[in-house]
Number of protein chains: 4
Amino acid sequence: MTEAVAPRKGRPRSADADVAILAATRAALAELGWGGVTMGDVAVRAGVAKTTLYRRWPSKNELVVDAVAVLFDELEMADLGSLRADIESVVRQFADLLARPESQAALLALFAEASRDPALRRRVREAIIHPQKRLVHQGRAAAQARGELAPDASPEAADADVDIIFDTIAGTVEHRMLVSGECADPEWISRFTTLLLTPLTALPQNPAGSV
Amino acid sequence: MTEAVAPRKGRPRSADADVAILAATRAALAELGWGGVTMGDVAVRAGVAKTTLYRRWPSKNELVVDAVAVLFDELEMADLGSLRADIESVVRQFADLLARPESQAALLALFAEASRDPALRRRVREAIIHPQKRLVHQGRAAAQARGELAPDASPEAADADVDIIFDTIAGTVEHRMLVSGECADPEWISRFTTLLLTPLTALPQNPAGSV
Amino acid sequence: MTEAVAPRKGRPRSADADVAILAATRAALAELGWGGVTMGDVAVRAGVAKTTLYRRWPSKNELVVDAVAVLFDELEMADLGSLRADIESVVRQFADLLARPESQAALLALFAEASRDPALRRRVREAIIHPQKRLVHQGRAAAQARGELAPDASPEAADADVDIIFDTIAGTVEHRMLVSGECADPEWISRFTTLLLTPLTALPQNPAGSV
Amino acid sequence: MTEAVAPRKGRPRSADADVAILAATRAALAELGWGGVTMGDVAVRAGVAKTTLYRRWPSKNELVVDAVAVLFDELEMADLGSLRADIESVVRQFADLLARPESQAALLALFAEASRDPALRRRVREAIIHPQKRLVHQGRAAAQARGELAPDASPEAADADVDIIFDTIAGTVEHRMLVSGECADPEWISRFTTLLLTPLTALPQNPAGSV
DNA sequence: CGTTAATCGAGACGGTACGTCGTGTCTTGGG
DNA sequence: CCCAAGACACGACGTACCGTCTCGATTAACG
């Protein structure tokens, strides 16, 4: 049992407050963008004192991570019967997520902040990166079960494959939508999936088959 | 000649100041990160009054764009005789650039700010995005001249190809280095180039050949 | 019997707590001054929860009144056989009391607060002013008994006399010690007593004899 | 030339701001009392940024000293031809001053704060105490010139006399009005003046003549 | 060669948000 | 009913930057 809940003394923290604060944070992000999010404003929106925010999150950054993290929990790898369909589904889900104003406002800013703050970086990894990477693992395993991909040569090679595919999918979609500022319509998704699929399904004897 | 310098009256602006300010901005970025860069601090570092900064740049964001833009001007597409070599060269240059603390601190933050500020977005595109995209155009043209790639089916198709390749290269390298936080060593670059090269050089009759 | 203690149900209040709290308040006053006294800090010093403080005193002000009030209970009018000796004795006691850091820190601040808060004003009067005024009454009665002072012309005149003498003694000693910041050594006390004694013992037919 | 005005650089401080801030401080004192005076509120009332307050005064205490100091500058010793008339005039002026809500709110609180803060104590002395003490010196000199008081035995004795008279007048009037909370009407002033005058004009051979 | 006008440094200015602290209340679990 | 612990809403604190402004002092080109 990992939940060794210390029977804490004093008034317990309000669970409602957490929910209200995170929702208020997302609302503020969507309305005002990253720069417009203010601890004081979030507190007012959530009907909560500023002190309560600071008692639970050390700063705006960690608060925003938690606020947007739930969005990434909704991503899921539905086994659709073919690698192409699975990839397209994941890319579409990710594109939909990036189309929401709250994630748009938060994502790049969080990554930028995280590049300076190790604690924040850890939090971002656990709350945002890992849930996404999990999908790649799942899709890869499903494709291997179907015989579309060769089985793992070694655990290390498998991890390297997952990493490069994950960075390519996440980075490319983010760059197109958030930097280039263009939408990811079905046609683009199809083209991008083709681009990905070609090397993945190249002849296994070709060393490049394991990218 | 576009430099139609109106021979204005009064004391001319100091050219030294521009150089000192941009250098000071890069230094502050490298030392303190995006959040640590302050107009007042940059002014002090450059030995210049705050007024002088604001007379030349409307705000911190535009100043930082110009300060890091010069780094992107150094990127160049050297025709090395093969598409693989050209791609690897460009990726390596881009990875080297992203390894510098000043660009790390600035890039994602600028993209995040730009997603809310249209004027900044334009400036970012001109100073940072276009110089990079130019390389893709050049490399593609060289490869076509060498016969490694099929000629353009149409100008629109060519643009779409350039866009998707550009987003993939830039996005993936940025994601690996700035978000995943891992380095882009020669081995990774080689693997990533293979991943890119496979669909590009697939049989032309294959519709996927034009990604 | 005024102590009609209603035999209330439930756990009785700890008597130790009162003592500990008042002592902690005086200690905090002496160490940190008026501004440094904090309900939270007093609670910690007294080893008591903040709730316990507020259950017994409505606010910091009333707590401090009670904390310093006991100091004023120590003042006493010892009949030393002459009006001069009695006055000098009282002034010396009062000067000694004002030399303590806790009363220095509290007295003026309490008076200042009381000038805005009627409830506090009442409490200050009962706990601090009246015990002092009592001494003047006692000394005056003793002097009359000894024939040093004329008997009361009327109760109203007596009250007016006591008031003016009390304000003069208390105000002057406080002003010298707390505002001018100088000590009240025996020599100064003697001079001040002379100043007081001269009009008091002036010929009774002189209307000024009754100041 | 004591005004060695350093030819300061940069934008000079607004003189209007000083006036507006001090007036706003007095208004806030009169309306809300000591506890109600807030730096933010004063800034708003004065139409000024909080920064501007803090640039000129290190804290609320020093600000209030300067704000009420001007009230004490209005006190003056008008030579009315007799020591009694002069004393009654001064006492009346001081009583009138203490009847104003802004001085009532400020005075005791300032004295209380000053008892802990040496810098504030100095400021209070220069801005409030000294202007008052000056009056005692002037009145004494005038009375000596008229022959109502004996000339100085020595400078030290003169200072001691001034000190004790000053503490007696200031302390007693303050105590009656601010602590006892009663008014100083002409009758009380007359009685108090008599109390003071008797020892002052006692026979010079009487050692008590020099109180 | 003086006038004129834009530049420069310095720093004060009105704002806004910050993160902390103190107050007095409320809510737990446990005497 | 009391108590310790501690969360809570509220509001002031003093600081840091922002981007603007007002100074006196330079520093060219123009007349």
Asp41(C) atom CG is separated from dG22(E) atom C1', nearest whole Å, by 11 Å

Does Arg26(A) use its side chain to pair, donor to acceptor, with the backbone of Ala67(A) at less than 3.5 Å? yes

From the candidates dC8(F), dC13(F), dG24(E), the one with an atom nearest any side-chain atom of Met39(C) is dG24(E)

The nucleotide from dA5(F), dT4(E), dA9(F) with an atom nearest the side chain of Val48(A) is dA9(F)

Any Thr52(A) side-chain N or O less than 4.0 Å from OP1/OP2 of dA7(F): no

Does Lys50(B) contact dG11(E) through a side-chain donor or acceptor facing the base, at a distance under 3.5 Å? no

Assess whether salt bridge (Lys or Arg N to Asp or Glu O under 4.0 Å) is satisfied between Asp66(B) and Arg123(B), documenting all intermediate values.
-> CA-CA 9 Å; Asp66(B) 286 10; Arg123(B) 201 152 189 160; 3.2 Å; yes

Lys9(D) atom NZ is separated from dC21(F) atom C1', nearest whole Å, by 17 Å

**Prompt:** What about Lys60(C), does its side chain sit under 3.5 Å from the base of dG22(E) through a donor-acceptor pair?
**Reply:** no

Whole-Å distance, Tyr54(C) OH to dA9(F) P, equals 17 Å

inquiry  = Would you say Arg11(B) places a side-chain N or O within less than 4.0 Å of OP1 or OP2 belonging to dA29(F)?
reply    = no

Check: Is Thr52(D) reaching over with its side chain to a backbone N or O of Val48(D), donor-acceptor style, under 3.5 angstrom?
Finding: no

Atom CG of Leu53(A) and atom P of dA9(F) are separated, to the nearest Å, by 10 Å

Rounded to whole Å, the CG-P distance (Leu63(C) to dT23(E)) equals 11 Å

Do Lys60(D) side-chain atoms and Thr38(D) backbone N/O form a donor-acceptor pair below 3.5 Å?
no

Rounded to whole Å, CD1 of Ile21(A) lies from P of dA9(F) at a distance of 8 Å

Check step by step if salt bridge (Lys or Arg N to Asp or Glu O under 4.0 Å) holds for Asp41(D) and Arg45(D).
CA-CA 6 Å; Asp41(D) 179 51; Arg45(D) 283 170 188 259; 2.9 Å; yes

On DNA chain F, more 5' by nearest nucleotide between Arg56(C) and Gly47(A) is Arg56(C)

Taken to the nearest whole Å, CH2/Trp57(B) to C1'/dC18(F) is 18 Å

Whole-Å distance, Trp34(C) CH2 to dT23(E) C1', equals 13 Å

Point to revise | Residue-phosphate contact under 4.0 Å: Arg55(C) side-chain N/O, dG24(E) OP1/OP2 | key: no

Quiz item: Donor-acceptor pair under 3.5 Å: do we get one between Thr51(B)'s side chain and the base of dA10(E)?
Solution: yes

Between Ala49(B) and Gly40(C), whichever has its closest DNA chain E nucleotide further toward 5' is Ala49(B)

